[in-house]
Amino acid sequence: QVQLVESGGGLVQAGGSLRVSCAASGRPFMAWFRQAPGKEREFVSAIHWSGGRTYYADSVKGRFTISRDNAKNTVYLQMNSLKAEDTAVYYCAGRWITTAQVVDSSTYLYWGQGTQVTVSS
């Protein structure tokens, strides 16, 4: 069992930046998802612990950066140029399989409690 604990959400103005963190008790393949009110959960970004290969949704490419600190077992999501449509609860997720589609939330075993990110326009 892997425990995931997010932190770092908050309120920011449009155009601003925010960083969210996810501390893990292990090193599964890690991803960030988000869910806005009335919408389905959607993939944001993912990263491999080994090698650091990254993945991004088109909607955040060029604005968000995912990274990891292997020594701290922590994954970060740096969010720049935030827009009102980025407002959502952000969840980190983990899984052991690496062959399934990274955007498929049903393939992730472990989930954090979520952290609210609100972007005011």
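As the structure is a computational prediction, the values presented were derived from the model and not from experiment.
Using a 4.5 Å heavy-atom threshold, the side chains of Arg95 and Pro28 count as separate. Taking 4.5 Å as the limit, every side-chain heavy atom of Val60 sits out of range of all side-chain heavy atoms of Met79. Counting heavy atoms from C-beta on, the side chains of Phe29 and Val102 come closer than 4.5 Å. Side-chain contact between Tyr90 and Glu6 is absent, with no heavy-atom pair separated by less than 4.5 Å. By the 4.5 Å heavy-atom criterion applied to side chains, Ser81 and Lys83 are not counted as neighbours. Side-chain contact between Ser45 and Leu77: present, with at least one pair of heavy atoms (C-beta onward) separated by less than 4.5 Å. Counting heavy atoms from C-beta outward, Arg34 and Asp86 have side chains that approach closer than 4.5 Å.
The two atoms that bring Gln1 and Ser25 nearest to each other are O-OG, 4.0 Å, heavy atoms only. Heavy atoms only, all atoms of each residue included: Leu4 and Cys22 are closest at CB-SG, 3.9 Å. Among all heavy-atom pairs drawn from Ala36 and Thr87, the shortest one is CB-O, 3.6 Å. The minimum heavy-atom distance linking Gly9 with Thr115 is given by the pair N-OG1, 3.1 Å. Summarising the geometry of Gly26 relative to Val2, their closest heavy-atom pair is N-CG1, 3.9 Å, with the distance given to 0.1 Å.
One hydrophobic cluster, built from ILVMFWY side chains closer than 4.5 Å, holds both Tyr108 and Val89. Linking ILVMFWY side-chain heavy atoms closer than 4.5 Å, directly or via other members, places Trp32 and Val12 in a single hydrophobic cluster. Criterion: ILVMFWY side-chain heavy atoms under 4.5 Å apart, direct or through other members. Under it, Val103 and Tyr56 are not part of a common hydrophobic cluster. In the hydrophobic clustering of this structure, Trp49 groups with Ile66; members are Ile, Leu, Val, Met, Phe, Trp, Tyr whose side-chain heavy atoms approach within less than 4.5 Å, directly or through other members. Grouping the Ile, Leu, Val, Met, Phe, Trp and Tyr side chains by contacts below 4.5 angstrom, directly or via other members, places Val117 apart from Val5.
For the atom pair NE2 (His48) and OG1 (Thr54), the distance works out to 9.0 Å, reported to the nearest 0.5 Å. Rounding to the nearest 0.5 Å gives a distance of 9.5 Å between CD of Gln78 and OG of Ser21. Within the model, atoms CG of Leu82 and OG of Ser120 stand 10.0 Å from one another, a figure rounded to the nearest 0.5 Å. Taking CZ from Phe64 and CG from Leu18, the interatomic distance works out to 9.0 Å, rounded to the nearest 0.5 Å. Atom-to-atom distance recorded for Ser59:OG and Glu42:CD is 5.5 Å, nearest 0.5 angstrom. Atom CG in Asn70 sits 4.5 Å away from atom CZ in Arg27 (nearest 0.5 Å).
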Item to check | Check against side chain to side chain contact (heavy atoms under 4.5 Å, CB included), Tyr76 and Thr65 | outcome: CA-CA 8 Å; Tyr76 304 97; Thr65 302; over 6 Å; no
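Ring to ring, Phe43 and Tyr55 are not that close: their centroids are 6.0 angstrom or more apart.
Heavy atoms of other residues, nucleotides or ligands lying less than 6.0 angstrom from NZ of Lys61 number more than 12.
Both the sub-6.0 Å distance and the 45° axial angle are not jointly satisfied by Arg41 relative to the ring of Phe33.
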